[in-house]
Structures are given as structure tokens and as C-alpha cells.
Trainee: 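Before anything else, here's the structure in question.
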Amino acid sequence: MAKKLMKGSEAIGEAAVQAGCHLFFGYPITPQNEIPEYLSSRLPQVGGTFVQAESEVASINMLYGAAGAGERVMTSSSSPGISLMAEGISYCAGAKLPVVIVNIMRAGPGLGGILPAQADYFQATKGLAHGDFRVLVLAPWSIQEAADLVQDAFDLADYYRNPVMVVGDGLIGQMMEPVEFYEDRKPIKELPPKTWASTGWKRDRPKAIINSLFLDPAELEQHNFDLKKKYDLMERDEVRFATYGSVDSADVVIIAYGTVARVCLSAIEALEEDGIKVAMVRPITLWPYPYEAVREVAAKAKDILVVELSTGQMIEDVRLALQRPRPIHFHCRLGGMLVSPEEVIAKVKAIKAGESEAMHYA
Amino acid sequence: MFSRQVTVLVGHFGSGKTEIALNGALDLAADGVAVTLADLDVVKPYFRSRSARYILAEAGVRLIAPEGENVYADLPIIVPQVRDILRRPRGKVILDVGGDGSGARVLGSLTDVLPTTNIEILVVLNFSRPSTPDVAGAIAMVHEIEAVARVRVTGLVSNTHLMEETTPEIISEGARLAVETGTALDLPVVAAAIHEDMAASVNSDLGCPTFILKRIVKPPFEVQPQRKTVGPLFVLN
């Protein structure tokens, strides 16, 4: 298929269709409205169904029903809308339902603003909702990667029978870049038939009951252990990251994800020209987090810099990765303001000159 | 292009109307022409003409757009000065209208003040965009915009590109499709927009005049020592 110039939102919508998702339920919120808008006209072309639900709560419960019937299904929203879906996402995790949720993050808290942010890191990776569950979190840095990861998200959701979330800051929703879809794309996992799905009982298999309610505590305990086994497998097999620059001997290693990492990469190239060696580790899965990669590159670097569009939510995972107290430098922009390459260059030079105040953790 | 007193840029979502409007306004201002740019985009929340307000002000272009914190609002705000400048145009006037029929609907509310002479209403076409993959899609887009905006389109602008991955062939093929669309609709292709970096390598015989663009609207990924930070949406250089 020839390359198209697509907004991130359009590419995410098309990626879902290419992955065989014929159902989308959602409720509008800026800056991701072009995802439902695109799918509202695209899905009927492939015999699919688009429903603008009455709320985010309704949307996620429509996903629960559709996934329970064995269909590939997606919703998308932006930060406050994801908060409203939280209960339903927990139900999907509890009922072992494969659903794909896209969060195009805007600045918060509260209504916040409509401009780009990465302030939902904790929400996505640590505390999405009640109960003992995890969602796999994928974080693209370009429109092409957003299209690729959305398609992977459907395979991963089906394989693990678990919600998968794709998070991008507002730029991933709104900017335009060339995108290519590959007609011969194969699933990234071997996917068995969904014999567990509620597709109508013909006495040819055990009844398929989709449920997250367990009255018997022993049964619920076992269910929790089973889920944990699944999350352990994800942690073992699904970690994704990319490294850049002088990973074997950096003056400074930058940890950044999403479009912020692209800004940092431009800074790294400029700094290398000035003879300053900088490396970067870019987590592509925010959960499971690439702890080992961060630890290995950081071990060979003099200083560590985290760059984020939040007040430092990812620092917690970087500290876990380091496994020992080390000063961490930090740079952020908030509220919808974006980090510029010049700011990153200045920060790295300040670190080199001993003029950047690091955070010290005992 | 920009040959009449009032230029209205319409077209599909993401076709490049804002980029062309900004380039046109800055070129005219550089030639000493008094120019007013009206941002009527009620469709996209980022990357609108109003985000270029500082560089426009510096160049002496008058910008009509929501002000204060409403610069960032995702609300369909049409400021009243738009009606005034259309009733009594002074210098050159450029209207940057939002994408697709939904964006062009705003124009429909201004038909009572739109001049009937000395005006060009141009549909910007990028055949690399999924909504207009071919001539039939472009024709449908022109018809949709004419219906909701209640205006007659007077010409087409060819703006087919793939950003950094644009090749001379992509530009030539886009111009060819634009001319074909123009022939089918009996409309002239008033210009083919070409990025300045590509200008030398594009076949000079595109079947229409060319309009050389600088890329103004872009995310802040590249190092730009002369960056004029114009808020969080995009940067100009």
C-alpha cells in the first residue's frame, strides 16, 4: 500500500481496521476526536459498527460485551475520559477480555487543557483502577509507530486475554507524518481460536461465561494467582525499548519516551557534534518497563537525565531500574508546553558543567 | 494565487491550507502589501494559523483570531472582526478556513458579507491524504465544500506532498491529478505548492504556476537556534 500522509488519529483508526477491528465504541474528547470521526466513516466500509456512546462508562462496557463475544474492539479517549473508564477496564481485566484502549494524553489534572502531556504515566502503569491487575502499555514516538503498535496491541490483547493500552501525548493524535500499512502483516503472536468467547452454546463445548464476579474466595484467590502468572509472562516476554547514541560510554544517559524522545534525539545529535557523548533509552512498553536496559546503559554513564511532560512520574521506574541510590537529573515541561531540543542541550551542558541540581534519593 | 483582494482557502482536513495561508501572508507582507489573515479554523485543535501570531505580528500581518486564553480553546469561535474585514476589505485578505465540509460550514455563515468580485475561493488538494486518494475523491470534496459553504469554488491549489519523504514524482503526480480534477470541474489549477528544498528538482512543466513554500507548521523535534517559541503548538523559524 502506498504511503499516505496521515494525522496520528487517522493512522490509529486505520491501524485498528487493518488489524481486523470492526467495532469501535467511544465518546468524544479533544485531542483524539479524529479517531472516532475517522472510524465513524471507515468502519461501515468494512461492514463494521461505530457507536458514539452516551458516555465513557458506556463505551468501555460496550467493549466488555463485544470482547466477550470474541470480537476485536477498540475505544479511544483522552485523560479525563480514561479516568471515567477505569472501572470498566478493571472489569475487562477481571473477565480476561482482550480490549484495546488508546489514550491521547492531555494536560491535567482535572479538565486541565487540550494540549500535549504525559501526565497519565502513573495511571497507565501503576494505578489504572481497583483490583490486582495490569495492562500492557505501549508508547509510540511517531505516527508510523503508532500505527504499528495499535496493530500489535490487538495481537497482544488476544494472546494474553487482557486489556492493552496505547498511550501517546497530544502530538501523536494531531501531527501528520507519512504512514505505510503492510498488506501481508502477520500477527506477532500465535493466536488460538477464542473458544472461551460467548458466541452461542450448541452443547459442543463447556459454557462460555464472561464474568469478573467470584463469590467463592478460594476461587477468586486462584483467579488472582492465574492473572499474576499472566503478568509475569508479560514482564518476561513483552518488554520493548530502543537505545540511541553512545550507550557504552555516555557522559549523560537520557531516559525519555514518546515524542519527547524525538526531541531528545535531535539534542543528542547536536551534542555529539560538540563532543559530548549522550545515550538514550526509550521505553516503548511503559509496562512492562525496560528495567534491565535502563540499568545497563545507566551503569556505563556518568550522569542520568529523565525528560518528561510530567513532574517526574517515570523517575520512580528509573530508580527501580538503577537498584542503588544515584543522583537523577530531571527536565520537564507541563501544562501543554513542549520540551525543545535547545532546552535538552542546555540541560545536558549544565549537567556536564556541574551546574544542574540533581535529585538525590536515599 | 493571492491575485485577488480576498483569498479564501478551503479544502479537506490536513490538506495544507494553514501552511499556504501563512506563507501567502508572509510573502505579501514582505512585498510591502497590507495583509490581514483570518483564522476561521474550528476543526483542528492544534497547528492553527493563530499559533503563528508572534511571527505574523513581527512581519506586520494583521491576524484575526480568538485572543487571550481562547487562542487555545477547542471551541468554534468566530470573532466579529471577520465580518467587518469582509464588508470593508483593506489591503489583501486571506481566510484560512477549517477542513472538510464541517470546517467550511463556517464560510456558509459569512456568505452575506463575502465580496462577489475580486475574490478567489481555492480548494487545496493533497492526494497523499487518505480522504482524497484520487480525482473522484477530490471532486466529491469540492462538491461537499460548495454545498455547505454556499459558495462557488474558483480554483484549485495542488499541494500533494509526504512531508520529508516528498519526491519530485509525488509533486508532479499530484499536480497531474489536480489538473485532471480541474478539467473535470472546469476549474483552473492556480498554483502547485512546492517546498523550497524541492523547487530545483521538480519538473518545471507541471501544467500550472508554482508557489514556493517554507515549512512553518511543525512539531518541535529539530534543533532550531533561532526558534521563536509561540506556545506549545508549533514553532516557526
Side-chain angles (χ1 to χ4, degrees), chain A residues 2-7 9-11 13-14 28-34 37-38 41-42 106-107 113-117 141-143 170-180 259-267 269-271 273 309 333-345, chain B residues 12-16 18-19 43-48 51 69-75 99-103 125-134 159-167 169-170 173-174 215 217-235 237:
Chain A
K3 277 196 180 181
K4 289 280 170 197
L5 185 62
M6 297 183 93
K7 296 240 176 201
S9 291
E10 296 166 339
E14 182 59 31
I29 181 169
T30 308
Q32 63 79 51
N33 286 322
E34 298 79 4
E37 188 187 19
Y38 182 84
S41 60
R42 183 72 173 96
R106 54 191 255 175
I114 64 168
L115 299 174
W141 78 336
S142 68
I143 305 309
L171 278 178
I172 290 292
Q174 293 297 322
M175 68 182 182
M176 290 203 293
E177 286 184 328
V179 179
E180 188 164 15
T259 63
V260 177
R262 277 172 82 170
V263 172
C264 291
L265 187 59
S266 297
E269 285 161 3
L271 287 161
E273 281 173 27
L309 302 178
R333 295 302 299 266
L334 307 167
M337 303 299 286
L338 296 175
V339 172
S340 69
E342 296 79 40
E343 289 172 12
V344 178
I345 291 167
Chain B
H12 55 284
F13 180 56
S15 58
T18 297
E19 194 77 88
V43 173
K44 61 184 188 289
Y46 297 4
F47 305 114
R48 295 177 291 203
S51 306
E69 63 181 15
N70 283 335
V71 165
Y72 306 106
D74 52 341
L75 295 169
D100 291 353
S102 42
L125 291 171
N126 180 348
F127 287 97
S128 294
R129 295 279 293 132
S131 49
T132 49
D134 49 26
N159 188 40
T160 298
H161 67 93
L162 263 182
M163 292 199 169
E164 283 77 11
E165 296 180 32
T166 310
T167 61
E169 293 71 35
I170 287 173
E173 175 63 6
R215 185 157 175 212
V217 182
K218 54 181 173 182
F221 298 148
E222 291 161 36
V223 177
Q224 300 285 350
Q226 293 87 37
R227 186 184 304 276
K228 291 177 198 222
T229 300
V230 290
L233 295 183
F234 64 85
V235 289
N237 49 78

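Here the structure is a predicted model, which is why all the values come from computation and not from measurement. Just so it is clear: chains get the letters A, B, ... in the order the sequence lines come, proteins before strands, and each one is counted from 1.
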Trainee: Do you know which two heavy atoms are closest between B:Pro220 and A:Pro341, and how far apart they sit?
Mentor: O-CD, 3.3 Å

Trainee: For A:Ile114 and B:Tyr46, work out which heavy atoms get closest and say how close.
Mentor: O-OH, 2.6 Å

Trainee: Taking every heavy-atom pair that is under 4.5 Å apart, which of A:Gly170, A:Ser41, A:Gly113 has the most such pairs with chain B?
Mentor: A:Gly170

Trainee: Counting only non-hydrogen atoms closer than 4.5 Å, does A:Glu10 touch chain B with its backbone (N, CA, C, O), its side chain (CB onward), both, or neither?
Mentor: side chain

Trainee: Hey, what do you get for CZ (A:Arg42) to OG (B:Ser131), rounding to the nearest 0.5 Å?
Mentor: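 It is 12.5 Å, given to the nearest 0.5 Å.
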
Trainee: Does the distance from a Lys or Arg side-chain N to an Asp or Glu carboxylate O, for B:Lys44 and A:Glu34, drop under 4.0 Å?
Mentor: no

Trainee: Return the CH2 to CZ distance between A:Trp141 and B:Phe221, rounded to the nearest 0.5 Å.
Mentor: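 Rounded to the nearest 0.5 Å, the CH2-CZ separation comes to 9.5 Å.
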
Trainee: With only heavy atoms counted, which part of A:Val344 is less than 4.5 Å from chain B, the side chain, the backbone, both or neither?
Mentor: neither

Trainee: Quick check: closest heavy atoms across B:Leu162 and A:Leu5, and the distance to 0.1 Å?
Mentor: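 Heavy-atom minimum between the residues: CD2-N, 3.7 Å.
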
Trainee: Tell me, side chain or backbone of A:Leu265 under 4.5 Å from chain B's heavy atoms, or both, or neither?
Mentor: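 A:Leu265 has no heavy atom closer than 4.5 Å to chain B.
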
Trainee: Hey, mind stepping through A:Leu171 and B:Phe47 against side-chain contact (heavy atoms from CB on, under 4.5 Å) and telling me if it holds?
Mentor: CA-CA 10 Å; A:Leu171 278 178; B:Phe47 305 114; 3.6 Å; yes

Trainee: Tell me the closest heavy-atom pair linking A:Lys3 and B:Glu165, and the distance in Å.
Mentor: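 Looking at all heavy atoms of both residues, the closest pair is NZ-OE1, 2.5 Å.
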
Trainee: May I ask you to test the B:Pro130-A:Val179 pair for a side-chain heavy-atom distance under 4.5 Å?
Mentor: no

Trainee: Of the non-hydrogen atoms in A:Lys7 and B:Gly14, which two are nearest, and what is the gap between them?
Mentor: CE-CA, 4.4 Å

Trainee: Taking all atoms of both residues into account, what is the closest heavy-atom pair of B:Phe127 and A:Lys4, and its distance?
Mentor: O-NZ, 3.6 Å

